[in-house]
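The figures here come from the full heavy-atom set of this structure, side chains too, leaving out hydrogens, waters and symmetry mates. For clarity, every value in this text was computed on a predicted model and none was experimentally measured. Lettering of chains follows the sequences in order, A, B, ..., and the numbering in each one begins at 1.
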Amino acid sequence: MKNIIKRFIALPLKQKIMFVTAGLLTVSLCISIPVYAWFTRQRKAAEMFKVEYPNSLYINAAHREDRIYFNLDGIDVNNYILDRDGNIVYKYYRGNEEITEEAYNENPTVCTKVAQKTTKYRYVFAVSGDNTMQFTLQMAHTNNNLFSYTVYAATQYDYPMGTEPQDADAANNKPEIKANQIVPSGTDSNRIVEWVQNADSHTENTIQVEYDEFTNSDTTPKYYVMAAASVIGEYKNNVNNNAAIGNDNLATDNDKYYKANFGTNANVEEHAVPSYWQANITANVNGDVNYEKGFRIDSNKRFVKYFIVEVDCSHNQEGQTSKETDLIYFSVERKG
Amino acid sequence: MGKKQNDTPLTEVDAKRIRRNAYIKMAAMVGIVVAAIAFGSIAWFTMNREVEGSGVQMTASDLPFEIATKGTNGIRYQSLLQSLNTSNKTGETTVISGTTYYQTSGDTDKIMLRYDTGNSEIGPSGRGQLSLYLIPKDNIDINAKVTLDVQSYAFFDVYMKDADGNKVQKVENDQPVFEEDGITPVYQTTEKLLNVNEVTADMCTLEADDIARIQQSGRYLKGHIMFFGGSGYEDNTKKDSEQWYFTTPYPSRSFVFEQKNAEKGKMYPIPVYWMWPNTFGQIALKQDDPQRSGISVVKDLTDSEVATMPNDPLTDKELVISYLMDNKDAVLKGWNSMEFTPDEILQTRESDPNHITLSEVVDNMINNADNVSNFSRLSDCYNAADFAIGKDIAYFIIEVTVENAE
């Protein structure tokens, strides 16, 4: 090292400058070549996309109206069933045997007549969305009233039973009425729920489904027909998941559902622990057109499926004299 | 070692010479310092942060090709892309057989891709093909390495800072604005679209854990967008189970594009397909299964292929399944906090000499995704990640880097 420095110093000035310059240029070459080579060794391309907001599932009232219109009201255990003329419907008995009204009228003193109370109330709700091929429908309810809740799939019709199909007639302001828009003849009237639309009721869910479009100003009634069989689902957390709700069949108090709701609290009244019922609903694919179990997807990958929840209050608590309140929640989650 | 000096006084010429030497020495020193600073700065400025150095070579050769794009519908979100990064260019036009291509060049090393058809707003089940071409500069063999990346962007309320770098308090009607407590100031912010990985808590109104959550959603998006090299088999007269979208998955998002005896100036399409699969079943299920909603991303395995797993070479389906296992953190939200069965937990007990990690337990679940319980739990994790992406991420950019393979 010392020898090199000594020889460098001994060089004449001109050569010193040449030496330093040559050294500097070499160093600069060493840095710039890899930098330049690195810089020119790549080509890049970019493409930008927007992410769709994941509002792919909605629960709404009938005909996808805002949820405020989904009202489980009017459940009056003292409501009497009325016939078409507004008269109370009776059932007639002689002893334990049921008899006809004529038989009763012949012998009113030894027979009894019992006014029939409404025991089933039916409410329509809608599940809709896009890009969903399978969802889980969950119903969670408390058990203070010991009502039983059953969910049925429902089909929507635009015209009541007995309407005649007709062609469109613009001159006389007559719309086209197709046969598949009319409630099929022979349908049990107990399985039909009429829904009068509310104007401007689609503020939460504005997606249009091709086979079921809505118009904001439409207030004509829609008719929902309950399917024959209930939706296949099961309670997840009752003492006996296969039996009806009753005093001996309430939600258990030591499983994950209880823990999620109440943590380690042990003093929750047993009727207040919610029961959870779940069902998996899958879209119809590959040309299957029976939509009772599944649902139909339109060409934009959107769907709507209607359900009716039937509340049966015939076996609520015997001798119950005070009003009880229950909470019931419906939720849907994308599956698969 | 100094020379023995004479006692003669310095003449004027001597003094001048001494001064001149001093000046030369000083000039030389200054020159060296300036050169060092200059070259250091050039090196620093030309360093590209976005580039992942795969090894620097001392060859001064230029890239033997350019890349190009074409599309009648133009560039998606062009103004956004350009405002985000000024190096995003439209490219230089080249017309070949009546079609206009836009390409890179020595000055333009990054272009924005174009498209003919397809949605610009993408959610789960979205897919597309990049309009990407390679143009050789000579009649040579092309051996190009293509790397793909997905970058996520979201809107943040960024603090506006003054010249000293301090946050500026909001002023309304000449009065400084405070929070409800009257003490904490409310600062001026402006909404900015930023790469989620470049955001820190001091830059914007979000807390560190919100930013971390958003960055994780960005990783979920990168994990959920899968890349492929070829299209599969689609026929809408057939059942879903008889179709598949793609072939040749790229689980490492990187592949080599080869073209022997390439012609100078000819456009060679580089096939790159991408998809955000809608459901977990489209990726993980090896064969037709009622649990699967939608068409599989790659071809299902035949019974004999299942029996001879692992196959040599690995089938497309095996590649995507191992992609899931290797990228759990970016594909399945909450995979390590699923509801594990007592048997599964037992497998991880350290007292067991054959114990495995939770990650390996989940890998076994993925490998047996047809089991109803496995499928349900894993699928929930996949959907939860999708939901997080949709909530947190506003835009994403697919970026392609093409360089010479070694």
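The CG atom of B:Leu134 sits 11.0 Å away from atom CZ of A:Arg43, with the distance rounded to the nearest 0.5 Å. Note that NZ of B:Lys89 is 14.0 Å distant from NZ of A:Lys44, once rounded to the nearest 0.5 Å. Taking CE from A:Met133 and CZ from B:Arg292, the interatomic distance works out to 12.0 Å, rounded to the nearest 0.5 Å. Taking CG of B:Asn404 as the reference point, atom CD of A:Gln42 lies at 11.0 Å (rounded to 0.5 Å). One distance of note links CG of B:Leu84 with CE of A:Met48; it measures 5.0 Å at 0.5 Å rounding. The NZ atom of A:Lys50 lies 9.5 Å from the CG atom of B:Leu80; values are rounded to the nearest 0.5 Å.
Using a 4.5 Å cut-off between heavy atoms, B:Leu148 makes no contact with chain A at all. Contact of B:Arg114 with chain A is made through the backbone alone, with heavy-atom distances under 4.5 Å. Contacts between B:Gln78 and chain A at a heavy-atom distance below 4.5 Å are absent for every atom of the residue. No part of A:Lys16 comes within reach of chain B, as not one of its non-hydrogen atoms sits under 4.5 angstrom from that chain. With a threshold of 4.5 angstrom between heavy atoms, B:Leu378 does not approach chain A through any atom at all. For a residue to count as touching a neighbouring chain, one of its non-hydrogen atoms must lie under 4.5 Å from one of that chain's; by this rule B:Thr401 touches chain A with backbone and side chain alike. If you measure heavy-atom distances from B:Ala35 to chain A, the contacts under 4.5 Å come from the side chain alone. For a residue to count as touching a neighbouring chain, one of its non-hydrogen atoms must lie under 4.5 Å from one of that chain's; by this rule B:Asn236 does not touch chain A. Proximity to chain A (any heavy atom under 4.5 Å) is shown, for B:Ile75, by neither the backbone nor the side chain. The parts of B:Ser376 that come within reach of chain A are both its backbone and its side chain, each placing non-hydrogen atoms under 4.5 angstrom from that chain.
No more than 12 heavy atoms of other residues, nucleotides or ligands lie within 6.0 Å of CD1 in A:Ile68, so this atom counts as exposed by the packing criterion. At most 12 heavy atoms of other shown residues, nucleotides or ligands fall within 6.0 angstrom of atom CZ in A:Phe19. Within a 6.0 Å radius of OH in A:Tyr211, other residues, nucleotides and ligands contribute more than 12 heavy atoms. Remark: B:Glu339 CD is loosely packed, at most 12 non-hydrogen atoms of other residues, nucleotides or ligands lying under 6.0 Å away.
Between A:Ala46 and B:Leu81 the shortest heavy-atom distance is O-CD1, 4.3 Å. Closest heavy-atom contact between B:Ile24 and A:Leu13: CD1-CD2, 3.1 Å. For the residue pair B:Ser125 and A:Lys301, the shortest heavy atom distance occurs at OG-NZ, 3.6 Å.
Put simply, the side chain of B:Thr279 does not reach to within 4.5 Å of the side chain of A:Gln134, judged on heavy atoms. Proximity of A:Arg334 to B:Pro124: side-chain heavy atoms (C-beta onward) are separated by under 4.5 Å at one or more points.
Outside the 6.0 Å centre-distance limit, the rings of A:Phe49 and B:Trp276 are not counted as a close aromatic pair.
Residues in residues 118-137 of chain B take part in these salt bridge (charged side-chain N to carboxylate O under 4.0 Å, His left out) pairs, two or more places apart or across chains: B:Asp62-B:Lys137, B:Glu66-B:Lys137, B:Arg127-B:Glu234.
For B:Asp107, the side-chain contact (heavy atoms from CB on, under 4.5 Å) partners are B:Ser105, not counting sequence neighbours.
Contacts with chain A were tallied for B:Tyr77, B:Tyr153, B:Tyr115; B:Tyr77 has the most, counting heavy-atom pairs under 4.5 Å. Each of B:Thr237, B:Ile122, B:Leu113, B:Val402 has some count of heavy-atom pairs under 4.5 Å with chain A, and the biggest count is that of B:Ile122.
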